Every structure is written in C-alpha cells, then in structure tokens.
J.: 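One structure is given below, represented as structure tokens, and several questions about it will come after.
Nothing here was measured: the structure is a model prediction, and the numbers come from that model.
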Amino acid sequence: MVFSRKVICLFFLFFLPASVNNLWASSLGDKLAMLGYSDEEIANVVSGKRRFKAIQLKYKMEMLGVENTGPSPMKSVLNFHLNATSEGRKELEGNAKSYFNIIEDAAEKTNLEKSLLLAVIKVESDFNANALSPKGAMGLMQLMPGTANDLGLIDPFDPAQNIHGGAKYLSDCINRFMDLRLGLAAYNAGPNLVARLKRIPSIEETQNYIKNVMKYVEIYNRLTQTN
C-alpha cells in the first residue's frame, strides 16, 4: 500500500500531461514570474538557455509550500504529499463531512470540481460555518456583505446558502476571466482589480491564496476520486 501511494504521488508530480499542468499556471512565463524570476531570466528559460525540468520542479515545490533545503527535493515533496493527504482524509471524514452533500450539489450546479470548492472552503474558513473575518467576510466561503446581498442570500451563515452562493460567485469569476488562477484572484482580491490589471495582482495575500487553494485542490482531488 505504501509503495503504491509513492508511485501515484511520483506519477502525479512529474508525469502529468500538459493540459492538467496548465491548471497550475496559464503559461511558463507566469510560473517563473510567480517565483520571482526577472524578465531576462524568463526569456532565457523560454528560449531554451536554461533547463525547464529544474524550473518545473522548483515551481511545483513552491506551489506546494515545500522548500528545497536538502539533497533530495523529490523525497521532500513526496513526504509532504503523504502527510497532507493523511490530514486531508481526516478533514473529509471530520469537519468537511457535514457539508459534503451541499458541496456536491453546488459543484454540480455550477460545473465546478468538488475538490475546488473543498479547497476554497479550507483556505477561507477551515470549514467553520460561523467564521467572521475582521473585514466582515462571512461563513464557510467568506462572502462579503455586498457579495452576499448581490447573490440574494438571506442568511450568509447558513451553510447551504453560503456554499451555493460562494460557488456561484466563484464560477462567475472563473468564467469571466476564462482562467482558474485569475478566477481565484478575482474571488480573493475582487474582479474589478483583476480586470483592470489583466493579471494576478502583486499582492502577497492573493499570491499565497492561489498557492494554498491549488495545493488543497490537488489533495482533495485525489481523495474524492478514491472515495
């Protein structure tokens, strides 16, 4: 069982088709920019003067929140995945279990993946239906009062209303910008800002938000497929 998990993790990390990897970033330039590479360094990589494989590994490790501090980054990433998957399974069997039927229904109605909604809820509120941020964001998907009002929610702290409303808003953001990462940026920083910049804002909170959501999407995607 342990060996099979390792094989699956390694396959997932290093042999995904390009169409799936595009969920991580819309282009190689975006990947490198998120890692802090300069325009000159990006041009060198794109032109083939620097090896892409090492860049790809560094990017994935960065998105997973794993630092390459030892001689075996592959082992570090693998251990991270196994630990995170174990924690994610506990959440699906614990905090998230009460809302899973609602999440499945909302995902179906908005054509979003269950793993994406689970990831957003995890990052936004850690499955706390009564969460209230200092800025006034409410409930599981941390909807601002104006957004909740626009969505016609009567009680933003009601899990069903909150999840369905948040899923609708997230779906609208993704469809508007035709890109998962831009949609997540719009959900976090506001669609007007993303539309004005035409890129992910250079806001540390938003950058980390996208990274964390994508990390949990990967974890929950594997778990929901095996359940």
J.: Show your reasoning for whether salt bridge (charged side-chain N to carboxylate O under 4.0 Å, His left out) applies to D172 and R176.
T.: CA-CA 6 Å; D172 289 345; R176 176 176 177 178; over 6 Å; no

J.: When rounded to the nearest 0.5 angstrom, what distance separates CG in N130 from OG in S125?
T.: 10.0 Å

J.: Rounded at 0.5 Å granularity, tell me how far CG in D155 sits from CE in M138.
T.: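 The CE atom of M138 is 9.0 Å from CG of D155, to the nearest 0.5 Å.
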
J.: Salt-bridge test for D126 and K122: reply yes if a basic N is under 4.0 Å from a carboxylate O, no otherwise.
T.: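 Looking at K122 together with D126, the answer is yes, because their closest N to O distance falls below 4.0 Å.
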
J.: If you count heavy atoms of other groups shown closer than 6.0 angstrom to CD of E108, is the number above 12?
T.: no

J.: Starting from F157, can I reach F127 by hopping between I/L/V/M/F/W/Y residues whose side chains sit under 4.5 Å apart?
T.: no

J.: Could you give me the CA-CA distance, side-chain angles and deciding distance for L118 and Y216, then say whether side chain to side chain contact (heavy atoms under 4.5 Å, CB included) is met?
T.: CA-CA 8 Å; L118 283 163; Y216 282 107; over 6 Å; no

J.: Rounded to the nearest 0.5 Å, what separation is found between the CG atom of D150 and the NZ atom of K168?
T.: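 Going from the CG atom of D150 to the NZ atom of K168 covers 10.5 Å.
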
J.: What I'd like to find out is whether the side chain of V120 reaches to under 4.5 Å of the side chain of L184, using heavy atoms alone.
T.: yes

J.: Can you tell me how far OH of Y209 sits from CZ of R181, rounded to the nearest 0.5 angstrom?
T.: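 Interatomic distance, R181 CZ to Y209 OH, rounded to 0.5 Å: 13.5 Å.
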
J.: Drop me the distance from E124's CD to L117's CG, to the nearest 0.5 angstrom.
T.: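 The CG atom of L117 is 11.5 Å from CD of E124, to the nearest 0.5 Å.
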
J.: Please evaluate residues E113 and Y220 with respect to the criterion side chain to side chain donor-acceptor pair (under 3.5 Å), reporting the C-alpha separation (whole Å), side-chain torsions for both, the decisive distance (0.1 Å), and the verdict.
T.: CA-CA 10 Å; E113 294 291 335; Y220 290 130; over 6 Å; no

J.: Same cluster or not: M144 versus V123, using hydrophobic residues (I, L, V, M, F, W, Y) connected whenever any side-chain heavy atoms lie under 4.5 Å apart?
T.: no

J.: Is it possible for you to say whether L151 and L140 belong to one hydrophobic cluster, with membership spreading through side-chain heavy-atom contacts below 4.5 Å?
T.: yes

J.: Any side-chain heavy atom of L180 within less than 4.5 Å of one from V217?
T.: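 No. Closest side-chain heavy atoms not under 4.5 Å.
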
J.: Is any side-chain heavy atom of N162 closer than 4.5 Å to a side-chain heavy atom of L143?
T.: yes

J.: With a 4.5 Å limit on heavy-atom distance, are the side chains of S171 and N111 in contact?
T.: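 No, too far: nothing below the 4.5 Å cut-off.
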
J.: Kindly say whether N101 contributes a backbone atom to a donor-acceptor pair with the side chain of D105 at under 3.5 angstrom?
T.: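 Such a contact is absent between D105 side chain and N101 backbone.
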
J.: Under a 4.5 Å cut-off applied to non-hydrogen side-chain atoms, are L116 and L170 in contact?
T.: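 Touching, per the 4.5 Å side-chain cut-off.
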
J.: Is S133 close to Q142 at the side-chain level, that is, under 4.5 Å between some pair of heavy atoms?
T.: yes

J.: Please report, to 0.1 Å, the donor-acceptor pairs under 3.5 Å made by any side chain of residues 185-201, with sequence neighbours excluded.
T.:
| unit_1 | atom_1 | unit_2 | atom_2 | d |
| --- | --- | --- | --- | --- |
| Y187 | OH | M141 | O | 2.7 |
| N188 | OD1 | T206 | OG1 | 2.7 |
| R199 | NH1 | S202 | OG | 3.3 |

J.: Taking all non-hydrogen atoms of both residues, which atom of P159 and which atom of A129 are closest, and how far apart?
T.: CG-CB, 4.1 Å

J.: Within this structure, what is the CD-NZ distance for the pair E104 and K109, rounded to the nearest 0.5 Å?
T.: 13.0 Å

J.: For residues D158 and Q161, report the shortest heavy-atom separation together with the two atoms involved.
T.: OD2-N, 3.0 Å

